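Notes for the one structure printed next.
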Amino acid sequence: MDDLGAQLRQARTEAGVTLASIAARTSYSASHLSNVESGRRTATPDIVLAYARALGDPDVRRRHLLQAATIGPIAANELIRSGFTAALAGRRDSEDRWRDRVEQYGRDYMEIGADSLQSRLASDLVVLQQQLDSPTMWATAARALTTYGKTTKDPTEAIGWYDTARIAADRSGDLAVRVWVRGRAAIALAYEGAALPVAKRYADEAIALSDRPSLGRLQALMARAHVAAGRGDIGGAITADEDARRIFDQTAFPDGEISDAAVPAWRMATFRSMLYARLGMVGPGEQAQTDADRLRPSALTRFATHIELHRALMMAKSGDRSGGLAYARRAWAMLPAERRSQTLGLVLQEVERAARKPA
């Protein structure tokens with residue numbers, strides 16, 4: 001059977017596992033899972049991984065399920081082979097080693113291509129998901145899954161991984177991680193201008209969980225600002241930006257910090273540059289762009305292209321549509337293909353839409 005839902009049903013029945021048992025491992029009801037098995041609902045990554053864990057030892061069924069769960073342009077066979085070779089060989093690093101590895105992925109995300117990072121991270125996730133036996137490991141998995149979502153090429157696919165990360169974060173019981181995962185997912189989607197209702201939901205969840213100043217809350221507030229901008233709510237966008245800046249003053253990272261899990265001044269300026277470009281507000285936009293270029297580590301050429309695309313968007317929003325479009329396309333062409341990202345592609349599309357909009 002080629003249908004994933006049918007494969008899940010066959011594997012479950014062969015293993016003698018009930019729908020109620022699978023439901024207990026997810027946020028979904030048994031009736032929803034029944035719909036997944038019958039093909040009426042999508043088998044999201046968190047559901048597939050829940051089936052994989054429920055089926056016990058890493059036998060043939062589990063390998064097939066994990067292969068089916070591998071979404072994206074990666075070599076699934078090689079992923080499963082490397083991941084299970086490590087797992088069956090008994091590789092079990094300490095919680096500290098896993099945390100260090102995931103933190104390294106956050107640093108690597110800033111400097112290398114998504115495809116290379118995705119295949120490495122996916123292989124580790126195959127092993128990590130078999131070691132979720134403590135709150136710390138659930139928290140580590142939540143961070144890894146969030147980063148993995150950012151390496152995908154489609155916002156809908158990314159949302160599936162962000163939802164899985166939220167479940168893992170909740171299992172950890174770590175409030176800071178629960179807020180961070182939601183805030184990071186929110187700003188990722190909102191900055192791209194993608195799935196704004198989902199971005200707002202993630203941001204609202206993060207803000208409701210805790211009112212303490214934190215990186216997660218900062219990113220959630222910035223996401224709110226971008227959602228408001230995307231909906232044409234200038235006042236709401238500016239208010240959320242001001243709220244985020246107050247949190248930033250209490251939580252800022254050192255300027256030289258290079259990690260997806262950090263927001264130093266150059267990255268905050270990048271968020272704000274996109275916000276005010278999107279609003280067509282030249283003064284604060286140009287100031288944020290200047291700050292980002294001045295403070296950003298020189299190695300982060302991809303993020304320099306972000307600022308160039310923001311300038312192009314501001315040109316298009318301010319009336320120079322053809323000039324803005326040409327500027328954006330030059331900036332895109334100058335960045336090597338292997339360093340481009342889904343996010344940059346979506347920003348380029350936003351410039352193109354602004355250039356086509358009637359005066």
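Worth saying up front: this structure is predicted, and the values here are computed from it rather than measured.
Between Arg311 and Glu308, at least one side-chain nitrogen of the basic residue sits less than 4.0 Å from a carboxylate oxygen of the acidic one, meeting the salt-bridge criterion. Here Arg12 pairs with Glu37 in a salt bridge; the nearest charged N to carboxylate O distance falls below 4.0 Å. The residues Asp96 and Arg99 are annotated as salt-bridged, a charged nitrogen and a carboxylate oxygen being separated by less than 4.0 angstrom. Salt bridge status for Arg278 with Glu350: present, with a side-chain N to carboxylate O gap under 4.0 Å. Between Asp260 and Arg184, at least one side-chain N (NZ, or NE/NH1/NH2) sits under 4.0 Å from a carboxylate O, which counts as a salt bridge. With respect to Lys200 and Asp204, a salt bridge is recorded, a charged nitrogen being found less than 4.0 Å from a carboxylate O. We find that Glu205 and Arg166 are joined by a salt bridge, their nearest charged nitrogen and carboxylate oxygen being less than 4.0 Å apart. A salt bridge links Arg246 to Asp243: one of the charged nitrogens lies within less than 4.0 Å of a carboxylate oxygen. By the 4.0 Å N-to-carboxylate-O rule, Asp174 lies too far from Arg143 to be salt-bridged with it.
Checked by atom type and distance alone, the side chain of Arg40 never pairs as donor or acceptor with a backbone atom of Val36 at under 3.5 Å. The backbone N or O of Arg212 sits nowhere less than 3.5 Å from a side-chain atom of Arg217 that would complete a donor-acceptor pair. Under a 3.5 Å cut-off, the side chain of Ser34 and the backbone N or O of Ala30 do not form any donor-acceptor pair. Looking at Thr152, its side chain never comes within 3.5 Å of a backbone N or O of Tyr148 through a donor-acceptor pair. Looking only at distances, no side-chain donor or acceptor of Ser21 sits under 3.5 Å from a matching main-chain atom of Thr18.
Residues meeting the side chain to side chain donor-acceptor pair (under 3.5 Å) test with Glu352, sequence neighbours left out: none.
Tyr327 does not carry Arg321 over the face of its six-membered ring by the limits of under 6.0 Å from the centre and within 45° of the normal. At least one cation-pi condition fails for Arg329 and Trp332: the charged atom is not both under 6.0 angstrom from the six-membered ring centre and inside a 45 degree cone around its axis.
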For Ile238 and Ile234: C-alpha separation, side-chain torsions, deciding distance, then whether side chain to side chain contact (heavy atoms under 4.5 Å, CB included) applies. CA-CA 6 Å; Ile238 293 174; Ile234 296 175; 3.8 Å; yes

Would you sort out whether Gln104 and Arg101 count as a side-chain hydrogen bond (donor to acceptor under 3.5 Å, both in side chains), showing the intermediate values? CA-CA 5 Å; Gln104 184 61 49; Arg101 184 178 292 122; over 6 Å; no

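Looking at heavy atoms from C-beta onward, Arg267 lies out of side-chain contact with Arg296 at the 4.5 angstrom threshold. A heavy-atom distance below 4.5 Å is found between the side chains of Tyr191 and Val347. Taking the side chain as every heavy atom from C-beta outward, Tyr162 and Lys150 approach each other to under 4.5 Å. For the pair Gln219 and Trp180, the minimum side-chain heavy-atom distance is below 4.5 Å. Proximity of Trp98 to Gln131: side-chain heavy atoms (C-beta onward) are separated by under 4.5 Å at one or more points.
Within 6.0 Å of CZ on Arg201 lie more than 12 heavy atoms contributed by other residues, nucleotides or ligands.
The CG atom of Leu313 sits 11.0 Å away from the CE atom of Met315 when rounded to the nearest 0.5 Å. Here the straight-line distance linking atom CE of Met137 with atom CZ of Arg171 works out to 15.0 Å at 0.5 Å rounding. Rounded to the nearest 0.5 angstrom, Met110 CE and Ile258 CD1 are separated by 7.5 Å.
Residues Asp291 and Gln287 bring a donor and an acceptor atom of their side chains to less than 3.5 Å of each other.
Cluster membership for Tyr109 and Leu300, using ILVMFWY side-chain heavy atoms within less than 4.5 angstrom, is shared. In this structure, Tyr202 is not a member of the same hydrophobic cluster as Leu209, with clusters built from ILVMFWY side-chain heavy atoms closer than 4.5 Å.
Note: His310 and Phe271 fail the aromatic proximity criterion, with ring centroids not under 6.0 Å apart.
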